[in-house]
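All chains are named by letter (A, B, ...) in the order of the sequence lines, taking the proteins before the strands, and each is independently numbered beginning at 1.
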Number of protein chains: 2
Amino acid sequence: MPEQITGPRPTLEAVAARAGVSRATASRVVNGGAGVRAPLVDKVRRAVEELGYVPNHAARSLVTRRNGAVAVIIAEPEFRVFSDPFFEQQVRGISRELTAHDAQLVLLWVEGPGDHDRIARYLGGGHVDGALAFSLHDDDRLPALIGRTRVPAVFGGRPAAGSGQGVPFVDADNRGGAREAVRHLVSLGCGTIAHIAGPRDQTSALDRLHGYRDVLAGADPALLCQGDFTEESGARAMAELLERRPDVDGVFVANDVMASGALRTLRERGVAVPGDVAVVGFDDMASVAPRTDPALTTVRQDIEGMGRLMVRLLMRLLDGTGGEPPASVVTPVTLVRRASA
Amino acid sequence: MPEQITGPRPTLEAVAARAGVSRATASRVVNGGAGVRAPLVDKVRRAVEELGYVPNHAARSLVTRRNGAVAVIIAEPEFRVFSDPFFEQQVRGISRELTAHDAQLVLLWVEGPGDHDRIARYLGGGHVDGALAFSLHDDDRLPALIGRTRVPAVFGGRPAAGSGQGVPFVDADNRGGAREAVRHLVSLGCGTIAHIAGPRDQTSALDRLHGYRDVLAGADPALLCQGDFTEESGARAMAELLERRPDVDGVFVANDVMASGALRTLRERGVAVPGDVAVVGFDDMASVAPRTDPALTTVRQDIEGMGRLMVRLLMRLLDGTGGEPPASVVTPVTLVRRASA
DNA sequence: ACCCCGGGTGGGAGCGCTCTCAGGCAGCTG
DNA sequence: CAGCTGCCTGAGAGCGCTCCCACCCGGGGT
């Protein structure tokens with residue numbers, strides 16, 4: 001029980017006095033107690049307890065030049081980003097890992113391109129030890145901006161070629177997952193496999209398309225349909241596909257939400273899934289994939305794990321004595337078999 | 001253009017030297033320049049510009065005992081809280097207002113009750129000037145916890161009676177909105193108005209129930225049905241209601257999501273809305289209310305505005321010379337008329 | 001002409017901490 | 001038993017800033 005609830009907060013000086021040691025020794029104990037003899041450690045610990053001592057963060061970071069805080073930069077180019085369950089999971093992973101590293105999460109919400117200056121100033125001001133950002137679109141100037149500030153940073157998602165040089169990223173193995181999905185359709189006996197692709201300006205969507213092509217190099221271009229990751233676009237694309245190639249018997253859809261739309265179209269037209277057409281999605285979004293009719297076979301990525309990994313990479317960057325160059329990480333994905341394929 | 005990109009960051013001392021003034025004067029200019037003659041102000045400003053000087057936050061807050069950061073505490077008792085669009089909007093409002101006040105947002109994600117200690121320690125550690133928290137459930141121990149830390153705080157949503165004493169809150173006028181909704185149904189000629197209520201342990205749900213009762217004091221208890229804010233529960237409650245009182249001609253539902261479920265039940269049974277039964281929801285959730293069939297008449301609350309208001313209240317608390325006691329704010333709501341009532 | 005007043009400026013202390021460095025006290029070797 | 005090594009401990013500087021206070025200087029009153 002802390003003794004004094006009110007009054008000025010006790011300083012290290014006070015702790016030292018109470019424990020009968022010097023400020024230096026008290027400091028050593030507070031910071032782990034390495035190289036201090038046990039009886040003294042005990043005395044200091046007790047004094048800390050009794051006084052309810054909490055280190056003054058400002059004083060500490062003034063001298064250590066570290067402030068134990070990491071910025072999480074969230075750009076909001078679209079209508080809703082934050083309420084995306086994907087983000088929720090990633091931010092949760094980040095938060096948990098940050099807590100494990102005793103670091104704080106400072107949320108930087110970018111309000112459009114005009115706000116970039118503010119972000120740059122903040123990062124440049126050294127208020128945080130590092131930054132975590134999400135790379136969403138090709139035209140996103142955030143990666144470049146962060147690269148320029150020279151603040152240690154890690155991206156979530158692979159930035160478009162050339163925009164985030166030197167900044168490591170954590171990305172799911174979109175291409176490999178896509179290959180696995182398509183191979184699964186092949187193994188099921190599908191001979192005419194289509195792909196409903198995501199937006200051209202997102203590396204994840206592009207990678208999934210590339211994975212499809214890796215397996216089905218010579219596929220008819222008519223089997224490729226463009227979507228924009230919305231349910232509606234998935235439904236439309238499926239309809240178009242059915243028209244162009246009525247013989248289609250397998251579809252790899254670039255995300256679960258579009259797959260849900262495609263499934264709807266299929267259902268409406270009385271096409272049996274997976275009997276007539278097998279469908280595989282991507283993301284294994286908890287609110288979608290297990291609930292579609294039939295339940296969606298899809299590719300799962302460990303989103304929270306990716307968030308945690310981002311933090312671990314950043315911490316390595318920060319601790320790094322400058323030796324090793326920080327390597328980006330591509331996390332494995334797994335095919336989750338349900339009913340649709 | 002900052003002159004030196006690399007090397008140690010310039011200090012105020014360097015700025016002062018370059019401008020040919022004392023550190024004190026340089027400090028005054030950096031902090032607004034009050035009481036410094038124009039030519040000197042200019043000189044210092046130029047030096048700041050040329051050196052790319054950015055104040056050291058740690059040093060500043062060491063002496064001012066302010067750190068320009070506010071904690072936003074998010075408890076997660078349920079499955080998903082963060083991805084709730086309600087939260088998104090509120091946090092966005094908070095973020096914007098905080099930015100306007102030049103303060104940072106430190107996100108504290110509470111991982112269950114066991115995590116309370118950590119939060120308390122953090123808040124008690126004086127790392128932030130104040131805290132913003134959301135009061136969700138009656139049994140939430142967060143309000144009490146925050147009250148004990150003595151950190152200036154503001155709640156979003158009214159805490160349960162007795163749990164967050166002395167801590168001001170910002171809440172929507174749930175009761176008044178409910179009254180308005182019910183009165184609207186009355187004005188439409190509805191004579192048998194039911195209520196589908198939200199969870200008993202949330203003040204917002206309770207207040208809406210009270211609003212209903214304010215207008216319909218002697219209503220048949222059979223007209224009251226319990227839901228839990230999910231779509232499914234709304235659908236079920238509506239079915240029950242239809243069974244208990246087939247003559248029901250108006251329903252006030254405690255939130256839009258449940259109203260959407262109720263609408264579904266009504267549609268499935270061929271009950272005309274608003275012809276046979278008029279329906280009013282609550283929240284005016286953008287992703288729900290305008291998209292239901294028929295579009296939902298509901299009560300709108302300015303969620304982002306509430307977030308901003310929370311920050312403004314907190315800032316007043318912080319600036320407060322201790323004079324006025326901080327008053328909670330109940331923000332007005334408006335009835336949005338669409339097709340369902 | 002002298003003094004006083006007040007706005008502007010600079011000197012310097014000190015916020016609470018970490019970290020280097022010198023000193024002290026064992027314990028061990030020669 | 002002297003000398004040396006090595007481990008602990010304490011003294012003190014200093015991180016970059018704000019703010020108090022003393023000082024300076026010009027203008028107005030006596």
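- Judged by distance alone, with hydrogens and angles left aside, the side-chain atoms of B:Thr99 form a donor-acceptor pair with the main-chain N or O of B:Ser95 at under 3.5 Å.
- Closest to the A:Ala24 side chain, of the nucleotides C:dG16, D:dT18, D:dA11, is D:dA11.
- Regarding B:Arg65, its CZ atom lies at a distance of 20 Å from the P atom of D:dG16, rounded to whole Å.
- Between B:Arg66 and B:Asp319 there is a salt bridge, with a side-chain nitrogen of the basic residue lying less than 4.0 Å from a carboxylate oxygen of the acidic one.
- Listed by first and then second residue, the ring-ring contact (aromatic ring centres under 6.0 Å, His included) pairs that reach into residues 16-63 of chain B are A:His127-B:His57, sequence neighbours excluded.
- Atom CG of B:Asn67 is separated from atom C1' of D:dC17 by 15 Å (rounded to the nearest Å).
- A sub-4.0 Å separation between OP1 or OP2 of C:dT9 and a side-chain N or O of B:Arg23 is absent.
- Atom CG in B:Leu40 sits roughly 9 Å away from atom C1' in C:dG8 (whole-Å rounding).
- Of the possible donor and acceptor atoms, one in the side chain of B:Asp129 sits under 3.5 Å from a partner among the backbone N and O of B:Asn67.
- The interatomic distance linking B:Tyr53 (OH) with D:dT18 (P) rounds to 6 Å, in whole Å.
- Judged by distance alone, with hydrogens and angles left aside, the side-chain atoms of B:Arg9 form a donor-acceptor pair with the main-chain N or O of B:Val54 at under 3.5 Å.
- Of the candidate nucleotides C:dG10, C:dT18, D:dT9, D:dT9 has the atom nearest to the side chain of A:Thr25.
- For the pair A:Arg66 CZ and D:dC15 C1', the computed distance is 16 Å after rounding to whole Å.
- Rounded to whole Å, atom P of D:dG16 lies 11 Å from atom CG of B:Leu12.
- Using a 4.0 Å cut-off between a side-chain N of Lys or Arg and a carboxylate O of Asp or Glu, B:Glu88 and B:Arg92 qualify as a salt bridge.
- In this entry the distance linking NE2 of A:His57 with C1' of D:dC15 reads 15 Å, nearest Å.
- Here B:Asn31 reaches the OP1 or OP2 of D:dT18: one of its side-chain N or O atoms lies under 4.0 Å away.
- Remark: C1' of D:dC8 and CZ of A:Arg37 are 5 Å apart, rounded to the nearest angstrom.
- Scanning both residues, A:Pro168 and A:Leu313, for their nearest heavy atoms gives CB-CD1, 4.3 Å.
- One finds no side-chain N or O of A:Ser22 lying less than 4.0 angstrom from the OP1 or OP2 phosphate oxygen of D:dT9.
- The residue among B:Arg28 and B:Pro55 whose nearest nucleotide of DNA chain D is located toward the 5' end is B:Pro55.
- With axes fitted over five pairs at each extremity, the angle between the ends of the helix from C:dA1-D:dT30 to C:dG30-D:dC1 is 60° (10° resolution).
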